[in-house]
Amino acid sequence: MQMKLSEFFVTGEPLIYAGMVAIVLVTCAIVFLLTYFKRWGWLWREWLTTVDHKKIGIMYILSALAMLFRGGVDALMMRVQLAFPDLNFLNSQHYNEIFTTHGTVMIIFMAMPFLIGLMNIVVPLQIGARDFAFPYVNALSFWSFFFGALLFNISFVIGGSPDAGWTSYTPLAGAALSPGPGQNFYLLGLQLSGIGTLATGINLMVTILKMRAPGMKLFQMPIFTWSTLVTCFIIIFAFPILTVALALMTIDRIFGAQFFTLTGEGMPMLWANLFWMWGHPEVYIVILPAFGIFSEIIATFANKRLFGYKAMVWSMILIAGLSFLVWVHHFFTMGAGAFVNSVFSVSTMLIAVPTGVKIFNWLGTLYKSKIQFTTPMLWSLAFIPSFVIGGVTGVMLGMAAADYQFHNSYFLIAHFHYVLIAGTVFACFAGLEYWYPKMFGHKLNQKLGKLSFWLFVIGFHITFFPQYFLGLDGMPRRLFDTAPEWFTLNFISTIGAFGMGAGFALFVLNIYYSYKTSPREKTGDSWDGRTLEWATPTPIPHYNFATQPTVKELDAFHDMKKRGETTYDESKLKPIHMPNYSGQPFIMMGLLFFSSFALVFEWIILSAVFLVAVLVMMGIHSFDYDDGYHVEVEDIKRTERQLRGLNDEHTGS
């Protein structure tokens with residue numbers, strides 16, 4: 001059956017047409033600028049083919065910032081619709097699509113890649129490594145995420161967006177109730193992106209366990225590296241569940257199987273269980289690295305070793321284990337029975353204990369310390385009370401009996417935004433501000449940064465605090481219109497959302513302003529840091545460390561500075577082995593993108609052709625014995641002397 005052009009492109013919505021025009025104009029501008037400045041070759045050589053963990057991390061963060069903009073625009077559109085009763089800014093169908101894409105984009109395509117980007121840049125530096133264990137796989141992981149995000153995001157102009165909610169519960173998400181390509185975009189976009197996340201989890205775990213600097217024991221690792229290691233454990237055990245669930249629903253929808261259908265002995269509740277068996281550990285995939293970021297920043301700007309370091313590590317390990325034992329609290333109201341609800345209610349309460357331990361660790365670090373109120377520190381300090389509000393209301397939701405009142409109300413919306421924005425989004429901003437000079441060679445402007453912080457944080461509380469009371473007053477979530485009696489609190493909430501939007505806009509402006517005006521970093525130690533990433537010069541050489549540091553205790557760089565040592569010793573220089581750049585990851589994932597796109601529209605033969613091309617690429621790589629190259633000692637000396645401002649005399653520690 002031939003598809004009409006009007007069925008291929010989304011038509012009939014003025015906002016969609018505006019989006020199409022914006023996409024075309026931005027694409028034309030990028031093509032024009034790259035052509036005018038003759039940068040196509042540079043783009044290919046330096047970025048599209050890179051296997052350097054630092055550049056891959058920067059690409060993750062840039063992509064995540066773009067997704068934060070997209071998800072934020074979705075959020076503002078929802079808040080406008082709910083600001084006044086009977087507004088009809090969005091119709092019910094468009095609203096369903098917006099809230100589906102908002103949730104999916106923010107969790108899968110913003111929070112995770114932002115944190116993975118920071119992990120990419122920071123973790124090898126913190127452990128004294130020169131790159132990831134598998135640099136090629138790292139590039140493959142990024143392009144897997146990037147093309148997965150691209151596939152999901154083009155759905156709003158081609159084919160139509162998914163509209164079954166970000167959790168995509170069956171039978172609503174099945175072929176009978178959600179026909180057309182929209183839900184297929186969700187399934188295949190998440191599947192393609194998830195491949196990259198799982199590969200990154202394995203890659204980072206191997207890197208941390210096998211490539212630490214000489215002398216660095218596990219309990220001498222920086223806390224951010226520990227949080228990354230624990231997160232990788234969760235990724236490796238949780239993401240295969242999502243992979244299987246997405247594959248089963250894809251087979252249901254495209255090939256007519258009946259795993260989740262109401263007919264043919266399918267079980268709709270099987271999807272809910274599989275989704276949350278992945279989904280609740282996923283919450284900790286995005287919150288544990290955030291805990292690590294805040295811990296690094298608080299220790300640095302309190303100028304103290306992190307209070308209760310070992311307790312912090314063990315609490316993260318405990319959270320990781322318990323995160324797999326709480327998923328049923330997402331459906332206390334679905335009839336599992338009193339015994340099952342009681343068990344999962346208790347496990348939910350238990351997971352609050354190690355989280356509470358962390359709060360006391362941070363407060364203990366701050367106690368009697370001389371705090372520097374930098375922008376990253378402000379984000380970290382604002383996180384503590386905000387997250388506690390989210391955590392306490394989470395305990396309320398964890399009581400199965402009380403959950404019958406709170407469930408599916410705006411109380412729940414307020415709770416998880418207090419946890420995920422105060423936890424994860426605050427951490428993304430804090431981490432980017434903190435490590436920004438390491439990535440780009442200059443700090444972000446502190447005055448603009450603080451103004452952006454206050455706009456965003458005040459806007460955040462104005463947005464979500466009233467929603468607790470809306471929920472307690474009975475306003476259901478996923479409602480595309482509001483009743484007159486809920487007008488005042490909804491209107492206040494919408495004003496707060498625009499405050500958050502203004503804070504983000506100012507943050508982006510700060511990036512441009514700081515690039516133009518901020519003084520360049522003279523040393524690599526921008527904040528008087530405590531961990532090894534601050535021991536390298538800025539900009540960081542592509543090999544990271546000329547000589548691998550020897551670690552004697554926790555806070556290795558702080559310890560070295562006390563003893564008057566550096567990580568650079570010319571007498572110990574040896575040639576450094578580095579991997580070659582490769583275009584294969586970009587091409588391979590591009591082909592997989594086209595295969596997935598064809599499968600979205602159920603063009604099976606075309607999809608199979610592209611899939612065969614991917615397999616051929618894998619075969620080619622299997623026989624590609626690329627041993628990389630060596631950076632010679634003279635090149636290392638020249639680079640280090642230039643970056644460190646040294647003369648030609650012998651330099652050692």
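Quantities reported herein were computed from a predicted structural model and do not represent experimental measurements. Here, residue 1 is the first one in the sequence, and each next residue gets the next number.
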For [Y], does its backbone N or O pair with a side-chain atom of [X] as donor and acceptor, under 3.5 Å?
X: H280; Y: W276; answer: no
X: S409; Y: P476; answer: no
X: R253; Y: P179; answer: no
X: S193; Y: L190; answer: no
X: D252; Y: F260; answer: yes
X: S178; Y: L172; answer: yes
X: T393; Y: G390; answer: yes
X: S144; Y: G196; answer: yes
X: S595; Y: S607; answer: yes
X: W226; Y: L218; answer: yes

Indicate, with yes or no, if the rings of [X] and [Y] have centres closer together than 6.0 Å.
X: F469; Y: F465; answer: yes
X: F114; Y: Y60; answer: no
X: F601; Y: F8; answer: yes
X: F344; Y: W327; answer: yes
X: F147; Y: F586; answer: yes
X: F411; Y: H407; answer: no
X: F387; Y: F291; answer: yes
X: F426; Y: F460; answer: yes

Determine whether [X] and [Y] make a side-chain contact, defined as any pair of heavy atoms from C-beta on separated by less than 4.5 Å.
X: P162; Y: E97; answer: no
X: N120; Y: F132; answer: yes
X: H330; Y: V326; answer: no
X: I319; Y: T355; answer: yes
X: L472; Y: F406; answer: yes
X: C232; Y: T228; answer: yes
X: L115; Y: V286; answer: yes
X: Y95; Y: D481; answer: no

Minimum heavy-atom separation for [X] to [Y], with atom names?
X: N203; Y: N138; answer: ND2-N, 3.4 Å
X: T424; Y: A111; answer: CG2-CB, 3.7 Å
X: K358; Y: S315; answer: NZ-OG, 3.2 Å
X: G292; Y: I223; answer: O-CG2, 3.8 Å

Going through the distances and angles, do F480 and H94 end up as a ring pair (Phe, Tyr, Trp, His ring centres under 6.0 Å)?
CA-CA 9 Å; F480 92 103; H94 198 181; over 10 Å; no

Is there a ring pair (Phe, Tyr, Trp, His ring centres under 6.0 Å) between F383 and F294? Walk through the geometry before answering.
CA-CA 8 Å; F383 148 77; F294 291 130; 4.0 Å; yes

Stepwise side-chain contact (heavy atoms from CB on, under 4.5 Å) test for Q191 and L187
CA-CA 6 Å; Q191 190 73 280; L187 295 168; over 6 Å; no

Would one find more than 12 heavy atoms of other residues, nucleotides or ligands at under 6.0 Å from atom [atom1] of [X]?
X: F134; atom1: CZ; value: no
X: F69; atom1: CZ; value: no
X: F594; atom1: CZ; value: no

Given N184, L606, I604, the one that forms side chain to side chain contact (heavy atoms under 4.5 Å, CB included) with L599
I604

Looking only at side-chain N and O atoms, does [Y] offer a donor or acceptor that is under 3.5 Å from a partner on [X]?
X: S493; Y: T463; value: no
X: N408; Y: R478; value: no
X: D163; Y: T100; value: no
X: Q183; Y: S168; value: yes
X: H461; Y: Y418; value: yes

Find the distance between CG (L591) and CG (L611) and round it off to the nearest 0.5 Å.
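CG of L611 is found 10.0 Å from CG of L591.
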
Please work out which of the three classes, parallel, tilted or perpendicular, describes the rings of [Y] and [X], given edges at 30° and 60°.
X: W166; Y: F275; result: perpendicular
X: H329; Y: F332; result: perpendicular
X: F593; Y: F597; result: parallel

Establish, for the pair R70 and F109, whether the NZ or CZ atom is under 6.0 angstrom from the six-membered ring centre and no further than 45 degrees off its axis.
no

For H102 and M78, run side-chain contact (heavy atoms from CB on, under 4.5 Å): C-alpha distance rounded to whole Å, both residues' side-chain angles, the deciding distance at 0.1 Å, then the answer.
CA-CA 9 Å; H102 167 73; M78 283 191 285; 3.6 Å; yes

Check the pair E282, M112 against side-chain contact (heavy atoms from CB on, under 4.5 Å), reporting the backbone distance first and the verdict last.
CA-CA 9 Å; E282 164 66 19; M112 272 206 308; 3.4 Å; yes

